[in-house]
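The structure appears below as structure tokens.
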Amino acid sequence: MRERGISKRIINVSNRLPVQVGRTITKSSGGLVSALEGVADRCDLHWIGWTGEVAEDAAERRRVREQLAGMNYAPVFLDAQTADDYYLGFANSSTWPLLHYMTMYAEFEDRWERAYVRANEAFAEAVADVARDGDLVWVHDYHLMLLPSMLKRRNQRLKVGFFLHTPFPSFEVFRGHPSRELLLRGLLGADLIGFHTFGYLRHFRSSLLRILGLDSEVDSVVHDGYESRMGVYPIGINAPAFVKALETEAFAEQLAEYEGVYEGKRLVLSVERMDYTKGIPRKLAAIEQFLENHPDERQTTTFVIIAVPSREGVEQYQQLIEEVEHAIGRINGAYSTMTHVPIHFVHRGVAFHELCALYRRADAALVTPLMDGMNLVAKEYVACQGDDPGVLILSETAGAAQELSNAWMVNPYHVQGVAEAIHGALRVGRWQRRSWIAPMRDRVLEQDAAWWANRFLDDLDRTDPVARMVMTTKPLTPEAVEPFRARAGRKALFLDYDGTLTELVRDPEAAAPGAALLETLEALIGREDLRVFVVSGRDHHFLDKHLGHLPLTLVGEHGYTVREPGEGWRLFNEQVDLSWKDKVRDIFELYAETTPGSSVEVKTSAIVWHYRKSDPEFGKWKAAELVGELMESISNLPVGLHQGKMIVEVSSQQVSKGEALRAYLQAGRFDRVLAIGDDQTDETMFALRADAVVTVKVGLGDTNAEYRVGSPAQVRKVLADIARGGA
Ligand code: GDG
């Protein structure tokens, strides 16, 4: 086992604290508790969570807080309504079913979302009370998906990790969540986001792309100038606890008792929370089918089903209990004899040594969730096998199936298939069973919960929250802006519009300037020493509509047209050759026809294919194909080709923003120019590399600019500062 050392303070945040708060406080156990016990001896571990109780009274809250403080636990208190709406509502009635593809169980109430925000804020406050710069804060699960961003907003210097214990579903399912954007943005506050499997990570990335329009790498995503890393961390079991339990007297006695009780029987075990994701009704249907198909095995096979009560405050769970009890009653009624009852149903938890003895005695474990983030029962069953091991029957839809490849894999929806898997598993010879279990057992004992926690925390520790801001060029400094604030000399601002002065929006026509921006532009224009140019790819209709009333210079269509203050529009260069346009338009139109959601925009000196509204992956692929085709057909034309944000553009080489800027510089009208832009067309200005020009790129990506700012909002701030400056 790898020894790792984390000397940091770790603040673990989960919905529930691992304690039962009553008159006294008792520690409860669970996968997460044991995982963290494995790292606790090497770090200073604090735990923040809800007590699960509603403590409205201040004195009662104080008493609980003081009692827990000694254990390094800090409680989060929620009022009764928030607790209900956040926990039973948003977390367990909306989000849990959707994350498990159970759209038919998902219910949504606007009130629940508000409670979820309130509850996450209560957690953020509790963390803020404890956390210090440089601490590792580890947030767990779907109850707290907003917390990472809330924490980062409060303190940039915390290292925030998030781990999702459930699956992350396909975009097609996740899109059904009314709070989908809120949840994704909440998660992106984390420096590291962990999943059980690569499949979940893949789905998460697809939702980032399709819901937020964020492109990502396999292990990282850059958003708003920040980077979040993503990784696959399959959780393990509390291996030392099992290894120890298997050596105890209590275990040996319990096992001996079960050997006696189940003598001559084949025991098929299933253990899970009573949850609709665990597929208990279908499992019962498979058991019924097995009994139906194999009359000679009815007397010799016992099914032990342990279903631990769970979330009984949610209606669907009540219905599930009734359905399960009804089915078990029916099956036992049909197949019981005076000496044998096929299904032994236990609707409560059993003691740990009993669980271990059952695992050991069972000839097969029937682990058939319809969808499960990981499923620790499958791993625990494997860990508890001895010399004469059983067979693990496992859903291919459990995260554990990715690792336990020697399990007897089943499709839990295929009732007949599961029935025959039970039959087949009970006939496997000892040698075969051993050879299946041994490598899986080695793996689950080695890659246990502590291994998992160490790996995640190590990776989180390696992230650098300050360097999260991805900058390859210098952030714009006040010194670079100062000459423009000062009221001396002849200066000009060359400002791109979309993505620079205003945010990029889905509908290009909707990109109107806000009141504050217009006010800033007016203030800038009002300065004697400053001239303002808006240099845009837009045509004169758009520019006139939104900026026409201002006495500034508008340069349209990437420098093809110009309108000086108080004059009409004219061509920048009368000699431009545009005879290539028809040919290029034909090609573009072919792509628009075969790419749903895409369109062709014909400008005076350029033709653009837009695919912002297309499926992002399909659009990207068609764009690459289009570029390949264009390269061949336009090589001897006087045009340039460029691929921008969700566009492919062919434009006249004789026209560019850079050409326009060059013309003004050559006329010698300015001592100093500030050129700001966000995309490829603005690079023509940056590429001039003229001493008099200070160049600023907005957002990420390669650039020729000297400086960078994160967003249009920051550009507007810089401009407002210039407008105010140098009185
Ligand atoms: C969520 C995800 C993911 C169960 N019955 C008894 C008992 N247990 C213990 C088991 C196991 C745990 O409860 C159940 O864990 P699972 O992983 O199977 O399932 P969830 O509760 O749904 O957990 C899941 C997990 O988070 C971790 O990330 O694997 O996919 O849904 O440890 O042993 N323990 C005792 N008596 C019982 O009757 N003592």
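We count ligands from 1, going down the list as the structure has it; atoms in each ligand are counted the same way.
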V271: numbered ligand 1 atoms lying under 4.0 Å from its heavy atoms: 4 (C), 5 (N)
Mind checking whether R273 contacts ligand 1 via backbone (N, CA, C, O), side chain (CB onward), both or neither, at a 4.0 Å heavy-atom cut-off? side chain
With backbone taken as N, CA, C and O and side chain as the heavy atoms from C-beta onward, which portion of W96 lies under 4.0 Å from ligand 1: side chain, backbone, both, or neither? side chain
Distance filter under 4.0 Å to H165 heavy atoms, resulting ligand 1 atoms: 2 (C), 3 (C), 26 (O), 27 (C), 28 (O), 30 (O)
Could you see which bit of L355 sits under 4.0 Å from ligand 1, with heavy atoms only: side chain, backbone, both or neither? side chain
Between K159 and T463, is there a donor-acceptor pair closer than 3.5 Å when you use the side chain of the first and the backbone of the second? yes
Distance-only N or O hit between ligand 1 and V308, under 3.5 Å: no
Listing, residues 363-375 side-chain donor-acceptor contacts under 3.5 Å, not counting sequence neighbours, or none:
residue, atom, partner, partner atom, Å
D363, OD2, L267, N, 2.7
D363, OD2, R361, NH1, 3.0
D372, OD1, K278, NZ, 3.3
D372, OD2, K278, NZ, 2.9
D372, OD2, N375, ND2, 2.8
N375, OD1, V377, N, 3.0
N375, OD1, A378, N, 2.9

Atoms of ligand 1, numbered as shown, that sit under 4.0 Å from any heavy atom of E380: 10 (C), 11 (C), 32 (O), 33 (O)
Taking D388 first and then R434, would you say they form a salt bridge - that is, a charged N and a carboxylate O separated by under 4.0 Å? no
Measure centre to centre between the rings of F303 and F345, then say whether the value is under 6.0 Å. no
Heavy atoms only: which of N375, T277, V346 is nearest to atom 29 (O) of ligand 1? N375
For ligand 1, which atoms have a heavy atom of M374 less than 4.0 angstrom away? 3 (C), 24 (C), 29 (O), 30 (O)
Assess whether a salt bridge exists between E217 and R205, defined as any Lys/Arg side-chain N lying under 4.0 Å from an Asp/Glu carboxylate O. no
Tell me whether K278 has any N or O atom under 3.5 angstrom from an N or O of ligand 1. yes
Report, in ascending order of atom number, the atoms of ligand 1 lying under 4.0 Å from any heavy atom of G373. 30 (O)
Can the ring centres of H177 and F90 be said to be less than 6.0 Å apart? yes
Does the gap between the ring centers of W112 and Y86 come in under 6.0 Å? no
Would you kindly say whether Y87 and N15 are connected by a side-chain donor-acceptor distance under 3.5 Å? no
Any luck finding a side-chain donor-acceptor pair between D459 and Y233 under 3.5 Å? yes
For G349, is at least one N or O under 3.5 Å away from an N or O on ligand 1? no
Near D372 (heavy-atom distance under 4.0 Å), the atoms of ligand 1 are 2 (C), 24 (C), 30 (O), 31 (O)
Decide whether an N or O pair under 3.5 Å exists between L376 and ligand 1. yes
With a 4.0 Å cut-off on heavy atoms, does V377 reach ligand 1? yes
Specify the closest pair of heavy atoms between S14 and R16, including all atoms of both residues, with the distance to one decimal. OG-O, 2.8 Å
Could you tell me whether K244 and E247 make a salt bridge, using a distance below 4.0 angstrom between a side-chain N and a carboxylate O? no
Using distance alone, determine whether H100 and ligand 1 share an N or O pair under 3.5 Å. no
Between ligand 1 and E272, can you find any atom pair, the residue atom being a heavy atom, that is separated by under 4.0 Å? no
